[in-house]
Amino acid sequence: MGRKIAIEKIENPTKRQVTFSKRRSSFIKKANEISILCAVDVALIAFSSFGRISKFSSRSRIENLIESDDRWIPSPRARGLTTAQSP
């Protein structure tokens, strides 16, 4: 079996970015696998320490996945609006 590593923040920014880059594809692959195996919708957004965005959606677009579930869209009341103010 592979060697065990401590799970803690990598202090060196270059090593941290290299590790993120190497593990990103495996992370996305696992998200895809769980989507297929369990017949679930998956949305994954990861921000690197340098501000780069990696994203994956089991549907064509993450926006479509989020919009398909109205629990992600706050109601007018949750946004502090009254019915008269609703868009």
* To do: List for me each residue that meets side chain to side chain contact (heavy atoms under 4.5 Å, CB included) alongside Glu33, sequence neighbours excluded, and say none if there are none.
  => Lys29, Lys30
* **Atom pair OG (Ser54) and CZ (Phe27), whose distance is rounded to the nearest 0.5 Å** => 10.0 Å
* Under the 3.5 angstrom rule, does the side chain of Ser21 hit a backbone N or O of Gln17 as a donor-acceptor pair? -> yes
* Asked: Which pair of non-hydrogen atoms, one from Ile10 and one from Lys15, has the smallest distance, and what is that distance?
  -> CG2-CB, 3.9 Å
* For residues Ile34 and Val40, report the shortest heavy-atom separation together with the two atoms involved. => O-CG2, 3.7 Å
* Closest approach of Thr14 to Asn12 (non-hydrogen atoms, all atoms of both residues) -> N-OD1, 2.8 Å
* Separation of Ser58 OG from Ile36 CD1 (nearest 0.5 Å) -> 9.0 Å
* For the atom pair OG (Ser57) and CG (Asn32), what is the distance rounded to the nearest 0.5 Å? -> 10.5 Å
